[in-house]
Amino acid sequence: QVQLVESGGDLVQPGGSLRLSCAASGSIFSIDSMGWYRQAPGNERELVAVIPSGGSTNYADSVRGRFTISRDNAKNPVDLQMNSLKPEDTAVYYCNAMIRVRTRGPVYRYWGQGTQVTVSS
C-alpha cells in the first residue's frame with residue numbers, strides 16, 4: 001500500500017515562513033497530481049494548492065501569492081513553501097496524491113497523516 005508522510009510543521013510567528021514536505025513510499029507506478037489540504041479545528045478539510053501533471057498549479061484564494069507548491073525535491077514528491085503566514089493559516093496540513101500503482105491501472109487518491117502548523121505570537 002502507498003504511504004504519504006508529511007513533515008515540516010512547526011510553531012511560527014505571524015509573518016514567518018515554513019516549508020512542508022511530503023514523501024511517498026510503496027509500490028508506485030506514477031503520480032498524476034499532488035496537492036496540499038488543511039483542516040482547522042471545527043472546519044472541514046479544504047484545498048490549499050494542487051499541482052497536476054500537464055496543467056497549471058492552482059491555489060486557494062486565501063493563500064495565493066503567499067504559498068508555492070512544487071515537486072522539485074528529489075526526496076519529496078511535493079513541497080509547500082509558505083510565506084507571510086497568518087494566524088488563520090493554523091491547521092493540520094495533509095498531503096494528497098493521485099497515484100497509479102501499476103501500468104494502465106486505475107488512479108487512487110492517497111492521504112498523509114498530517115502535520116501541524118501553528119501561527120501565533
Side-chain angles (χ1 to χ4, degrees):
Q1 189 74 13
V2 173
Q3 183 178 11
L4 302 177
V5 179
E6 303 95 336
S7 63
D10 206 349
L11 170 65
V12 298
Q13 295 183 343
S17 298
L18 283 175
R19 188 175 184 89
L20 305 183
S21 296
C22 177
S25 63
S27 180
I28 300 174
F29 176 76
S30 65
I31 301 177
D32 290 354
S33 67
M34 301 197 74
W36 286 92
Y37 291 71
R38 67 185 181 187
Q39 187 169 19
N43 293 348
E44 294 184 344
R45 189 172 299 184
E46 64 175 344
L47 174 68
V48 176
V50 62
I51 182 168
S53 60
S56 301
T57 56
N58 295 301
Y59 297 91
D61 290 340
S62 59
V63 307
R64 186 175 292 110
R66 300 187 296 119
F67 292 9
T68 302
I69 189 171
S70 65
R71 297 182 62 182
D72 294 330
N73 193 314
K75 295 183 178 180
N76 299 277
V78 60
D79 289 354
L80 184 69
Q81 178 65 46
M82 305 185 295
N83 299 324
S84 302
L85 284 164
K86 305 175 181 179
E88 49 264 45
D89 294 319
T90 296
V92 177
Y93 284 70
Y94 297 90
C95 178
N96 168 246
M98 301 295 291
I99 295 177
R100 194 185 307 273
V101 299
R102 57 183 174 87
T103 305
R104 299 183 64 84
V107 178
Y108 298 99
R109 176 174 279 116
Y110 293 89
W111 295 93
Q113 85 288 349
T115 184
Q116 177 70 49
V117 172
T118 302
V119 185
S120 176
S121 60

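The chain is numbered in sequence order, starting from 1. Fair warning: this is a prediction, and the values are worked out from it, not measured in the lab.
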Q: Go through the steps for C95 and V78 under the test side-chain contact (heavy atoms from CB on, under 4.5 Å), then give the verdict.
A: CA-CA 8 Å; C95 178; V78 60; 3.6 Å; yes

To the nearest 0.5 Å, how far apart are [atom1] in [X] and [atom2] in [Y]?
X	Y	atom1	atom2	result
Q113	T115	CD	OG1	7.0 Å
E44	Q39	CD	CD	8.0 Å
I31	L4	CD1	CG	7.5 Å
M98	S33	CE	OG	5.5 Å
L80	Y59	CG	OH	7.5 Å
Q3	S27	CD	OG	14.0 Å

Q. Side chains of L11 and S120: does their closest heavy-atom pair fall under 4.5 Å?
A. yes

Q) Do L20 and E6 have side chains that get closer than 4.5 Å, going by heavy atoms? A) no

Minimal non-hydrogen separation, [X] against [Y], with atom names:
X	Y	answer
A23	P77	CA-CD, 3.3 Å
D79	C22	OD1-N, 4.2 Å
M34	A97	CE-CB, 3.7 Å
R104	R100	N-CD, 4.0 Å
P14	S121	CD-N, 3.7 Å
S17	Q81	CB-NE2, 4.0 Å

Q) Has the side chain of S53 got a donor or acceptor atom that lies under 3.5 Å from a matching backbone atom of D32? A)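 At least one qualifying donor-acceptor pair exists.
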
Q: Give a yes or no answer on whether the side chain of T90 reaches the backbone of V119 with a donor-acceptor pair at less than 3.5 Å.
A: yes

(Q) Under 4.0 Å between a side-chain nitrogen and a carboxylate oxygen: does that hold for K86 and D89? (A)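 Looking at D89 together with K86, the answer is no, because their closest N to O distance does not fall below 4.0 Å.
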
Please check if [X] and [Y] belong to a single hydrophobic cluster, counting links between Ile, Leu, Val, Met, Phe, Trp and Tyr side chain heavy atoms closer than 4.5 Å.
X	Y	value
F29	V101	no
M82	Y94	no
V117	W111	no
Y93	I51	yes
Y108	V2	yes

Q) Can you name the one residue among N96, V63, I69 that meets side-chain contact (heavy atoms from CB on, under 4.5 Å) with V48? A)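 Among N96, V63, I69, the one meeting side-chain contact (heavy atoms from CB on, under 4.5 Å) with V48 is V63.
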
